[in-house]
Protein chains: 2
Amino acid sequence: MSDVASRVTIREVADAAGVSRQTVSNTLIHPERVRPPTLERVRKVIDELGYRPSNAAQSLRSQRTGAVGFELNATGSALQNAVAFPFVLALSERAVAHGSHIVTFGTQSARPALSGYEDMVRSLLVDAFILADTHAGDPRLPFLDQARIPYAAFGRFWGRPELTSWADVDGAHGTRLATEHCLAAGYDVVGYLGWPDGSAVGDDRRNGWARAVERAGHRSMPRAIAEQDLTSARAAAGPLLDQIGRGGAVVCASDMLALGVEREAAARGWTLGRDIGICGFDDSAISEIAGFSSVTQPLQEIADHLLALVHSRLAGAPPPVEGVLFRPTLVVRGSTARAS
Amino acid sequence: MSDVASRVTIREVADAAGVSRQTVSNTLIHPERVRPPTLERVRKVIDELGYRPSNAAQSLRSQRTGAVGFELNATGSALQNAVAFPFVLALSERAVAHGSHIVTFGTQSARPALSGYEDMVRSLLVDAFILADTHAGDPRLPFLDQARIPYAAFGRFWGRPELTSWADVDGAHGTRLATEHCLAAGYDVVGYLGWPDGSAVGDDRRNGWARAVERAGHRSMPRAIAEQDLTSARAAAGPLLDQIGRGGAVVCASDMLALGVEREAAARGWTLGRDIGICGFDDSAISEIAGFSSVTQPLQEIADHLLALVHSRLAGAPPPVEGVLFRPTLVVRGSTARAS
DNA sequence: CGGCCCATTTTGAACGATCAGATTTGAAAC
DNA sequence: GTTTCAAATCTGATCGTTCAAAATGGGCCG
């Protein structure tokens, strides 16, 4: 097991092809510098021997690993991570196209361990970081910024406009899509179940709904507030459904809240889609399982953008002028298919 | 941004401490070879300068990266990955203790791309792999085995007893725990909702329930079969609940199936826990959200074991004699809290 | 035919760490 | 004061790649 497919080095390829190391290197990186017949010959040998440049040697020389770190949050429920997982997946898939790869890490201790980030860079384990689940007051962004460690965040950094290395989803646009979809589907009243006022993300999503309702010519529509857990969601759903009544719909700030509404509706014997329309947010496993419509985030695009961002920073580019918002789309499932 | 906290090398530490490179190296790796006063002096300098050995240089020299690859399955629903995500998390957390880190990758193409595994090893990107979601006939295990690439799998490789580098969960023990718990809690009839016969994992779990029922002195108990989706689960749950009746319980092969039972019970107005007991399997986000008891897998322990396994293989140890089974435990939630 | 220029290819050095073997140091023994 | 030996420390070589600069080769012009 020790001689795992003994590695082929550039020297062996060079010898076999009757050229120097540098010509082999050029064949891969600067083919235009190599005469076509030589190029072909070297390429053939590379193929035959199955040569792959050593990542370690390249890293040592270039002082770049090509790796991007991503912290998985151990604390917090599986639910908290409902978005994080599909996102790592998207990152891992897209990384190849950027010539890099993703290194995940998670600390057992609850504290963020900022120094861990710095250590990983100093030890040349990763070049940069992608952050998710950034929250107001997140210490990581200022820390990385000040330590001059390149990073890009999925999620706005609300309180600090000077930190611009982020991409986020236009939540207001998402709830607007959901609301307009419900109105168009024929639900006469479209209420909203959201989080308590004051959270930036929550306010953003609520505004999308509110404006869509207004634009459609309605004065006001029922609205309720709940925390991000099923019990709270279901409790709030009761009075809300009373106001909305059969034939209406509810747009929610998250899939979890939507599930609460769905439970309450089911308890009343209302059929999903026909008697009540429900739209969630995030298109997580919950909405997939429960089968209700949800606003879905373009994770692949976001991953792609963030990777491009850190790489341009690594290449010496200045920070972007401002963050980028991506438009979510709506995944329509049975929950809003009104058989009018 | 280019001069990211210019890296400190071993040479700089050596000069600052008035010793040679090797002494600095020994300070970190073989402290017993260094005279105490020297040790202390060098350590102090390391601290002051914030020296961290270059991972790239170490890898080049040792021909080991210390990285372990893990494939995230892009195809397949978020549900398929319900276990995979907490598992990457566990791996990422435990990796530190093994002096390694996890590199995730995912292919956009549907095909497994076995050659990708080999490339990653040849290019010295990772030393070994951890596999999850292995299934009967999974081409990756024989491939890696034959290519002499170290790996360890989460999940038995049923058809091939000679492949022993795996750890798995004792499914039968899990369903047995669930069944005994339900009987002890006072549910008179404990039925089972599982997958169609023939799947190794499914048969294993069913056996655990069957034996527990038998051991408790019951001749036979109701049983039904469903596919791994909510519609199928709910359809199968109907007749099953008819047989079981109020006051009974259902042990399920997965959380998804359990959710189907829960839905059906709710539709009948049965209160979870009091009128009907439900146990899921996997302790995924589903059971967390829906609040029912579930069999939980010791992912941290498994991750730890698998990492130890690949590292011992890397160190030249022979393959293990046989795979290892870990005993799951039961997370009790309201769904089986009988207010007898 | 000699010289010059450009395209192509080769050589030497460096990236930062660790192993093996050489060298120095210090203390004990005579 | 020398010798001896072990402990502590240092030096040289190496891992595989790529950059910079040097060397080679061919074609063209005078």
Side-chain angles (χ1 to χ4, degrees), chain A residues 2-43 45-46 49-66 99 119 121-125 127, chain B residues 2-43 45-46 49-66 99 119 121-125 127:
Chain A
S2 51
D3 58 339
V4 182
S6 65
R7 278 175 249 275
V8 179
T9 72
I10 201 171
R11 171 136 254 151
E12 297 172 56
V13 175
D15 290 350
V19 296
S20 69
R21 311 182 313 277
Q22 189 60 42
T23 300
V24 178
S25 177
N26 284 337
T27 297
L28 293 170
I29 311 177
H30 303 289
E32 76 283 359
R33 291 185 192 163
V34 182
R35 209 154 44 96
T38 314
L39 195 64
E40 193 183 356
R41 185 157 39 99
V42 175
R43 280 185 173 154
V45 174
I46 289 179
L49 300 184
Y51 166 68
R52 293 287 174 281
S54 158
N55 192 57
Q58 288 179 320
S59 299
L60 179 57
R61 178 116 240 295
S62 66
Q63 301 288 55
R64 285 280 153 77
T65 68
D119 281 352
V121 172
R122 290 190 106 94
S123 67
L124 208 61
L125 222 169
D127 297 329
Chain B
S2 50
D3 58 337
V4 183
S6 64
R7 278 175 249 275
V8 180
T9 72
I10 200 172
R11 171 135 253 150
E12 296 172 56
V13 175
D15 290 351
V19 296
S20 70
R21 310 183 311 278
Q22 189 58 43
T23 302
V24 178
S25 176
N26 284 337
T27 298
L28 293 170
I29 311 177
H30 304 289
E32 76 284 0
R33 292 185 192 164
V34 182
R35 210 153 43 97
T38 314
L39 196 63
E40 192 184 355
R41 184 156 39 99
V42 176
R43 280 185 173 154
V45 174
I46 288 178
L49 300 185
Y51 167 68
R52 294 287 175 281
S54 158
N55 192 58
Q58 288 180 320
S59 300
L60 180 58
R61 179 117 237 296
S62 65
Q63 301 288 63
R64 285 280 154 77
T65 68
D119 281 352
V121 173
R122 290 190 105 93
S123 67
L124 208 61
L125 221 169
D127 297 330

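In what follows, every chain begins at residue 1, and chains take the letters A, B, ... in the order their sequences are listed.
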Problem - Contact state string [nucleotides 13-23 of chain D, B base, S sugar-phosphate only, - no protein heavy atom under 4.0 Å] - result: BBBBBBBB---

Problem - A:L39 CG to C:dA7 P, straight-line distance once rounded to whole Å - result: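 Atom-to-atom, A:L39 to C:dA7, this comes out as 17 Å.
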
Practice task
Take atom CZ of A:R64 and atom P of C:dG16, then tell me their distance rounded to the nearest Å.
Solution key: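 Going from CZ in A:R64 over to P in C:dG16 covers 13 Å.
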
Practice task
May I ask you to verify if any side-chain N or O of B:S59 is less than 4.0 angstrom from the OP1 or OP2 atom of C:dA17?
Solution key: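 B:S59 to C:dA17 OP1/OP2: no side-chain N or O under 4.0 Å.
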
Handout entry: Under the side chain to side chain donor-acceptor pair (under 3.5 Å) test, residues paired with B:D127 that sit two or more places apart
Key =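 In terms of side chain to side chain donor-acceptor pair (under 3.5 Å), with neighbours along the sequence ignored, B:D127 is linked to B:T65.
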
Exercise for the section: Would you please name every residue forming a side chain to side chain donor-acceptor pair (under 3.5 Å) with A:R21, sequence neighbours left out? Expected result: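 Listed in chain order: nothing, the list is empty.
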
Handout entry: Close side-chain approach of B:R52 to A:L125, heavy-atom, < 4.5 Å
Key =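 B:R52 vs A:L125: side chains apart.
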
Exercise for the section: Assign B:T23 to base, sugar-phosphate, or nothing according to its heavy-atom contacts below 4.0 angstrom with the strands shown. Expected result: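 Sugar-phosphate, backbone atoms only, no base.
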
Practice task
Please identify each residue that fulfils side chain to side chain contact (heavy atoms under 4.5 Å, CB included) with A:R61, with sequence neighbours left out.
Solution key: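 Applying side chain to side chain contact (heavy atoms under 4.5 Å, CB included) to A:R61 gives none.
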
Practice task
For B:E12, enumerate each residue passing the side chain to side chain contact (heavy atoms under 4.5 Å, CB included) test, keeping only those at least two apart in sequence or located in another chain.
Solution key: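 B:E12 satisfies side chain to side chain contact (heavy atoms under 4.5 Å, CB included) with B:V8, B:T9 once adjacent residues are dropped.
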
Counting only pairs under 3.5 Å, give me each side-chain donor-acceptor contact of residues 24-34 of chain A, with atom names and distances, residues two or more places apart or in other chains.
unit_1 : atom_1 : unit_2 : atom_2 : d
A:N26  : OD1    : A:Q22  : NE2    : 3.3
A:N26  : ND2    : A:Q22  : O      : 3.4
A:T27  : OG1    : A:T23  : O      : 2.7

